Trainee: 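Dropping the structure in here first, questions after.
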There are 2 protein chains.
Amino acid sequence: MIQSPAVTVADKTFIQLRNDIVEGEIAAGSKLSEQELSTKFQVSRAVIREAINRLETCHLVERKANVGARVVSLTTESLIELYVIRESLEGMAARLAAVNMTSEDIDGLQQLLSRHSEQVKGGESYYQEAGDVDFHYRIILGSKNKQLINLLVDGLYHLVRMYRVQLGMVGPRVTTAFDEHQHIAHAITNNDPELAELLMRRHIMYSKNNIEAQLNLYK
Amino acid sequence: MIQSPAVTVADKTFIQLRNDIVEGEIAAGSKLSEQELSTKFQVSRAVIREAINRLETCHLVERKANVGARVVSLTTESLIELYVIRESLEGMAARLAAVNMTSEDIDGLQQLLSRHSEQVKGGESYYQEAGDVDFHYRIILGSKNKQLINLLVDGLYHLVRMYRVQLGMVGPRVTTAFDEHQHIAHAITNNDPELAELLMRRHIMYSKNNIEAQLNLYK
DNA sequence: AAAATCAATTTTGTCGACAATTTGCTCGGG
DNA sequence: CCCGAGCAAATTGTCGACAAAATTGATTTT
């Protein structure tokens, strides 16, 4: 898949729906009526079905035969499960990146961190949302493992974003996370795959623990 | 998704096509013509499109807009990439299994290994194909992480099987692999997640190395 | 009143036809 | 002889209608 510039109507509908779901405009757990959506978007049901199929591919909706499609519901368990998978896959991505990133890739990564550094000093919390994603995204691409990239970017990325947006993942982890990013980048620069993987796994595990703690406040 | 007993025509067509692709009856890299398939299976093109969409979901075919769908081509690089992902995810599965498997689960796992033990002593090479899959499958389910299970069983399992069938993964690793399985099971029985993950990762890495060696013979 | 049954309605599944796009070929020019 | 423009055939994308299945609500039975 990988972001191709939406040539067909089904493409546009899919992207629109995906945004609506990730942003929460279509509520988590709600039903996706084909008829309703086809009148809303002024397209045929075939287009809607195609779009829903793709949403299922990136784990944003679940379909049951003869019953229909529902947006996935956001549960604490699923979020934790997701972070465990991220820990595993992005840890591996960091390991691979330490071996496979070119010096240009590494330069770009360092420049990204420099910009983030100024933002953190300046007290901007803009960092958390886009910055964190950017960093992880570069590591994933740096793995140069096409299947891994596809799995993460098209398969889990949007689901992670959906949780972040809708549960409002903020917390006081901004500067801490930035330090962790620097350590990971350092390990990659030194071509130290074991350390890069270890640090990335810890980094994601800390995020997971942080989220678990936040969620337990509501209990 | 997860194996639901094919209620709709598209379900059956999908499963049929999936088998044909995995078994190599539809050649790797070949084009899937919607018209051709719809006449062959005596169903409408809508059904074929639905089936192809699902095949894309489990990474068995790739689609391009206005061009069509092709069965993925089996390259050495992709196979290695796949094993790297397995190493990561199944390693994590073993880690989780060591924590989350019930004593009943563990009993079942031990019984499975006992049966395999007799088969290995008896010199049956039946083991490799079904036995290995069975073992790994139990570990994956033992993780109790629904998203991980879904990712592996519906997403990568069939692709792995496709490679095994079509490249004829045999090799002299039968008894060695069995020993490794026993060690992994032992670590899980002892509730030792770190060791279980380490051993599973090594186990899959050994398989990967073995395959790489085999493939390099042809160069 | 609660549970089971059946019919009406709504929703998804499947179909064939038409529209839009790509592909391969032919033809004309350089 | 090679290359590009344009045309023709084949393929995918989109559509509306019909068939089949599930949900809903009323009715009957216990």
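Numbered from 1 within each chain, the chains take letters A, B, ... in sequence-line order. Bear in mind that the values here come from a model prediction, so they are computed numbers and not experimental data.
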Trainee: What's the closest nucleotide to the B:V47 side chain, out of D:dT14, D:dG13, C:dT14?
Mentor: C:dT14
Trainee: Any salt bridge linking A:D105 with A:K144? Criterion: basic side-chain nitrogen under 4.0 Å from a carboxylate oxygen.
Mentor: yes
Trainee: Are B:R49 and A:E50 close enough for a salt bridge, meaning some N to O gap below 4.0 Å?
Mentor: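 Between A:E50 and B:R49 there is a salt bridge, with a charged N closer than 4.0 Å to a carboxylate O.
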Trainee: Round to the nearest Å and state the distance from B:I52 atom CD1 to D:dT11 atom P.
Mentor: 13 Å
Trainee: Without decimals, in angstroms, what is the distance between A:R70 CZ and C:dT12 C1'?
Mentor: 14 Å
Trainee: Can you name the atoms? Protein N/O to nucleotides 17-23 of chain D N/O, anything below 3.5 Å, with the distance.
Mentor:
none

Trainee: Does any donor atom in the side chain of B:H181 or B:D132 lie under 3.5 Å from an acceptor atom in the other side chain?
Mentor: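 Per modelled atom types, B:H181 and B:D132 side chains form a pair under 3.5 Å.
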Trainee: Check whether any side-chain nitrogen or oxygen of A:T8 sits under 4.0 Å from OP1 or OP2 of D:dT14, and answer yes or no.
Mentor: yes
Trainee: Taking CG from A:N53 and P from C:dT12, how many angstroms apart are they, rounded to a whole number?
Mentor: 13 Å
Trainee: Does A:A46 or A:G68 map to a spot on DNA chain C nearer the 5' end, using the closest nucleotide for each?
Mentor: A:G68
Trainee: For B:S44 and C:dC15, is the shortest distance between a side-chain N/O and OP1 or OP2 below 4.0 Å?
Mentor: yes
Trainee: Quick one: do A:E34 and A:R45 make a salt bridge, cutoff under 4.0 Å?
Mentor: yes
Trainee: Taking NZ from B:K64 and C1' from D:dT11, how many angstroms apart are they, rounded to a whole number?
Mentor: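 It is 15 Å, rounded to the nearest whole Å.
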Trainee: When you check the gap from the basic side-chain N to the acidic O, do B:R201 and A:E197 get nearer than 4.0 Å?
Mentor: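 Counted as a salt bridge, because a side-chain N and a carboxylate O are separated by less than 4.0 Å.
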Trainee: If you measure only the distance, is there a donor-acceptor pair under 3.5 Å linking the side chains of B:N53 and B:R63?
Mentor: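 Result is yes, a qualifying pair exists.
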Trainee: CZ of B:R49 versus C1' of C:dT14: gap in Å, rounded?
Mentor: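 Checked: the CZ to C1' distance equals 14 Å.
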Trainee: Going by heavy atoms closer than 4.0 Å, what residues in residues 28-41 of chain A are next to DNA chain D?
Mentor: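 DNA chain D contact set from residues 28-41 of chain A: none.
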Trainee: Whole angstroms only, please: what is the NZ-P distance between B:K12 and C:dT14?
Mentor: 9 Å
Trainee: Looking at B:E23 and B:R18, is any side-chain nitrogen of the basic one under 4.0 Å from a carboxylate oxygen of the acidic one?
Mentor: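 Salt bridge absent between B:R18 and B:E23.
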Trainee: Side chains of B:E90 and B:H136: any donor to acceptor distance under 3.5 Å?
Mentor: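 Indeed, the side chains of B:H136 and B:E90 share at least one donor-acceptor pair under 3.5 Å.
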Trainee: Expressed in angstrom and rounded to an integer, what is the separation of A:I48 atom CD1 from C:dT12 atom P?
Mentor: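 Going from CD1 in A:I48 over to P in C:dT12 covers 11 Å.
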Trainee: Could you tell me how far apart A:R63 (CZ) and C:dT11 (C1') are, to the nearest whole angstrom?
Mentor: 13 Å
Trainee: Does a salt bridge link A:R202 with A:E180, judged by any charged N lying under 4.0 Å from a carboxylate O?
Mentor: no
